[in-house]
Amino acid sequence: MANDVFSEAVRERNAAGMTFNQMEATTWDVGGKEGSRSSAWWNNMAKWHMDTPPAPKYVPGIAAVLGLPERQVHELIAEQWYGVRPDDRLPGRLRPLLSVARGVAKVDLVTLKEVAQALSDKHTVETELQELKAQDEIEDLPADEEDAA
């Protein structure tokens, strides 16, 4: 299953005590009839039984329900339905690290950076060493084998 971050936010809000009926009422209060989402919609959304994302006109009410800024709601929608994240320029292998780093206290960020720098330096040295070994192996080949390499 793809990343269901929007649906997860709905489930978390429901688990925190807001019923689907209350979610419907909140969207009605914010957006009126045209901007509301039904309790059935919220229930289906929590189970991710929706093939299409909510239209932009529903975002203000959804933001009120989830207690999030509208921009963050748009980001959740983009991630769940389109697979686009605001940090997509960040390589996928680093995303878990970023998630952890966001939870680190400011006083510990210096230490985290130093550890990351040490690991990066280690990787750089290991890569350079492998390249040097590969060059040495090529230089050690007889002339006819070197042409084949």
Worksheet item: Looking only at heavy atoms, what is the nearest atom pair of T27 and S36, with distance?
Response: OG1-CA, 3.4 Å

Worksheet item: Partners of K122 by salt bridge (charged side-chain N to carboxylate O under 4.0 Å, His left out), sequence neighbours excluded?
Response: E126

Worksheet item: When clusters are formed from ILVMFWY side-chain contacts under 4.5 Å, directly or step by step, what else is grouped with V107?
Response: none

Worksheet item: Among pairs that include at least one residue of residues 8-45, which meet ring pair (Phe, Tyr, Trp, His ring centres under 6.0 Å), considering only residues two or more places apart or in two chains?
Response: none

Item to complete: Quick one: which residue pairs count as a side chain to side chain donor-acceptor pair (under 3.5 Å) with a foot in residues 104-119, not counting sequence neighbours?
Response: Q117-D121

Worksheet item: Same hydrophobic cluster for L76 and M18, using side-chain heavy-atom links shorter than 4.5 Å among ILVMFWY?
Response: yes

Worksheet item: In the hydrophobic clustering (ILVMFWY, side-chain contacts below 4.5 Å, transitive), which residues join L119, or is it alone?
Response: V115

Worksheet item: Going by the side chain to side chain donor-acceptor pair (under 3.5 Å) test, which pairs reach into residues 49-60, not counting sequence neighbours?
Response: R37-Y58

Worksheet item: Should V73 and V30 be regarded as members of a common hydrophobic cluster, given that ILVMFWY residues are connected when their side-chain heavy atoms come within less than 4.5 Å of each other, either directly or indirectly?
Response: no

Discussion item. I need the minimum non-hydrogen distance between L109 and A101, along with the two atoms involved.
Written reply: CD2-O, 4.2 Å

Worksheet item: side chain to side chain donor-acceptor pair (under 3.5 Å): which pairs involve residues 5-19, sequence neighbours left out?
Response: D4-R11, S7-Q80, E8-R11, T19-Q22

Item to complete: Group every Ile, Leu, Val, Met, Phe, Trp and Tyr by side-chain heavy-atom contacts under 4.5 Å, then state whether V5 and M50 land in the same group.
Response: yes

Would you list the atom pairs, donor with acceptor, under 3.5 Å between side chains in residues 62-71 and any protein atom, with sequence neighbours excluded?
| residue | atom | partner | partner atom | Å |
| --- | --- | --- | --- | --- |
| R71 | NE | E75 | OE2 | 3.1 |
| R71 | NH2 | E75 | OE2 | 3.4 |

Discussion item. I'd like to check the side-chain contact (heavy atoms from CB on, under 4.5 Å) partners of P56; sequence neighbours left out, ordered by chain and number.
Written reply: none

Discussion item. With a 4.5 Å cut-off on side-chain heavy atoms, are T124 and T127 touching?
Written reply: no

Item to complete: State, with a plain yes or no, whether a side-chain heavy atom of N3 is found less than 4.5 Å away from one of R85.
Response: yes

Practice prompt. Find the distance between CD (Q72) and CZ (F6) and round it off to the nearest 0.5 Å.
Written response: 11.5 Å

